[in-house]
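We number each residue from 1, following the sequence as shown.
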Amino acid sequence: MKTTDTPPADATEEPPPVTKTTGAPAPREKSAEGRTLNVFSHGMLILWAFMVVMPLLWAVMTSFKRDRDIFSSPWALPDTLHFDNWSRAWTEAHMSDYFLNTVIVVGFSLVGTMLLGSMAAYVLARFDFPGNRFIYFLFIGGMSFPIILALVPLFYVMQNLSLLNTLPGLILVYIAYSLPFTVFFMTAFFRTLPTSVAEAAFVDGASHTRTFFQVMLPMAKPGLISISIFNFLGQWNQYMLPTVLNTEPDGKVLTQGLVQLAVSQGYKGDWSGLFAGLVMAMLPVLAAYIVFQRQVVQGLTAGALK
């Protein structure tokens, strides 16, 4: 008895068609789309970095040039580094005095802002009491109030309190100016922190003050660093408030000193000294951001996610 063998399949026969899943893009289309998006995003980042970094580099380069070189060859590198521009701005233009006044005002106001702001934000975020939301929305309203509308009444208030043209008065105004945003940001941050740690501290006999300073405040370190950087930038670059409330020559801050340096030039401009003073005022801000840039990003992310 013969068994019938199955004839071999023809090599020319096409395999059965495979049904494609609808809605799933092909891998090649995915990779091409990803590469295009990657190139576009990197190109925009490079363009943005160029637009931000180039003015800074140009200001630093110009601060080492002579006045005639600034106008004859503004984009060329300086032939030699003229450090006398910096020394002239530091001594003759009194940038050293302005720098010291700015460090004193910003240092004390930053500490006061963060201390008072974090304490108020902790109470608003952790405790329910009558008027909690009302006080919170008062701080929010302070963020939307234009500071220019408060300059005239603020001037007379400072004058009646004998704080006009004084560094302590300017420090108090800076603290009041920065508190609304600090309370708004830190309230949202304290709400993201776990309550179990604070409850454990209360069970162990810790007071509210000890729980805040030794438990909750260290946990809020990323948020404190982030808001400190923003307050530092705003207070360091503040010009309107010191111009109205601090008119004494001995108590002027850096922003006033730079304007004074530009105005006092007259017909003969000391442009190299002006750029040197500008870079002096810019360096602390850049250094603070470069040192704490990772903490700023972590604090913003931690405050946004619950």
**Student:** How about CG on Asn38, more than 12 heavy atoms from neighbouring residues, nucleotides or ligands closer than 6.0 Å, or not?
**Tutor:**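 For Asn38, atom CG is crowded (more than 12 foreign heavy atoms under 6.0 Å).
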
**Student:** Please work out which of the three classes, parallel, tilted or perpendicular, describes the rings of Phe212 and Phe190, given edges at 30° and 60°.
**Tutor:** tilted

**Student:** Counting neighbours of CE on Met240 that are heavy atoms of other residues, nucleotides or ligands and sit closer than 6.0 Å, is the number greater than 12?
**Tutor:** no

**Student:** More than 12 non-hydrogen atoms from neighbouring residues, nucleotides or ligands closer than 6.0 Å to CZ on Phe129, yes or no?
**Tutor:** yes

**Student:** Going by distance alone, is a donor N or O of one side chain under 3.5 Å from an acceptor N or O of the other, for Gln238 and Thr255?
**Tutor:**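 The criterion, which ignores hydrogens and geometry beyond distance, is not satisfied for Thr255 and Gln238.
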
**Student:** Quick one: does Phe155's side chain get under 4.5 Å of Val244's, heavy atoms only?
**Tutor:**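 A side-chain contact under 4.5 Å exists here.
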
**Student:** Determine the interplanar angle of the Trp58 and Trp75 rings, folded into 0 to 90°, and report it as parallel if under 30°, tilted if 30 to 60°, perpendicular if over 60°.
**Tutor:** tilted

**Student:** Do Trp236 and Tyr174 pass the ring pair (Phe, Tyr, Trp, His ring centres under 6.0 Å) test, and can you show the C-alpha distance, the side-chain angles, and the key distance before you say yes or no?
**Tutor:** CA-CA 10 Å; Trp236 187 272; Tyr174 275 21; over 10 Å; no

**Student:** Strictly by modelled atom types, are Arg88 and Ser272 linked by a side-chain donor-acceptor pair under 3.5 Å?
**Tutor:** yes

**Student:** Atom CG in Leu163, atom CG in Asn246: separation rounded to 0.5 Å?
**Tutor:** 11.5 Å

**Student:** How about Phe139 and Phe184: are their ring centres within less than 6.0 Å of each other?
**Tutor:**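 Between Phe139 and Phe184, the centre distance exceeds or equals 6.0 Å.
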
**Student:** Are Lys252 and Asp97 close enough for a salt bridge, meaning some N to O gap below 4.0 Å?
**Tutor:**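 Salt bridge flag = no for Asp97 with Lys252.
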
**Student:** Would you please test Val215 and Arg210 for side chain to side chain contact (heavy atoms under 4.5 Å, CB included) and show each step?
**Tutor:** CA-CA 7 Å; Val215 178; Arg210 186 176 180 182; over 6 Å; no

**Student:** Looking at Tyr136, is Arg191 sitting on its ring face, NZ or CZ under 6.0 Å from the six-membered ring centre and within 45 degrees of the normal?
**Tutor:** yes

**Student:** Going by atom types alone, do Thr113 and Asn231 pair a side-chain donor with an acceptor below 3.5 Å?
**Tutor:** no

**Student:** Could you tell me whether Phe232 atom CZ has more than 12 heavy atoms of other residues or ligands within 6.0 Å of it?
**Tutor:** yes

**Student:** Fit a plane to each ring of Phe181 and Phe230, take the angle between them on a 0 to 90° scale, and name the class: parallel (under 30°), tilted (30 to 60°) or perpendicular (over 60°).
**Tutor:**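 Ring orientation, 0 to 90° scale: perpendicular.
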
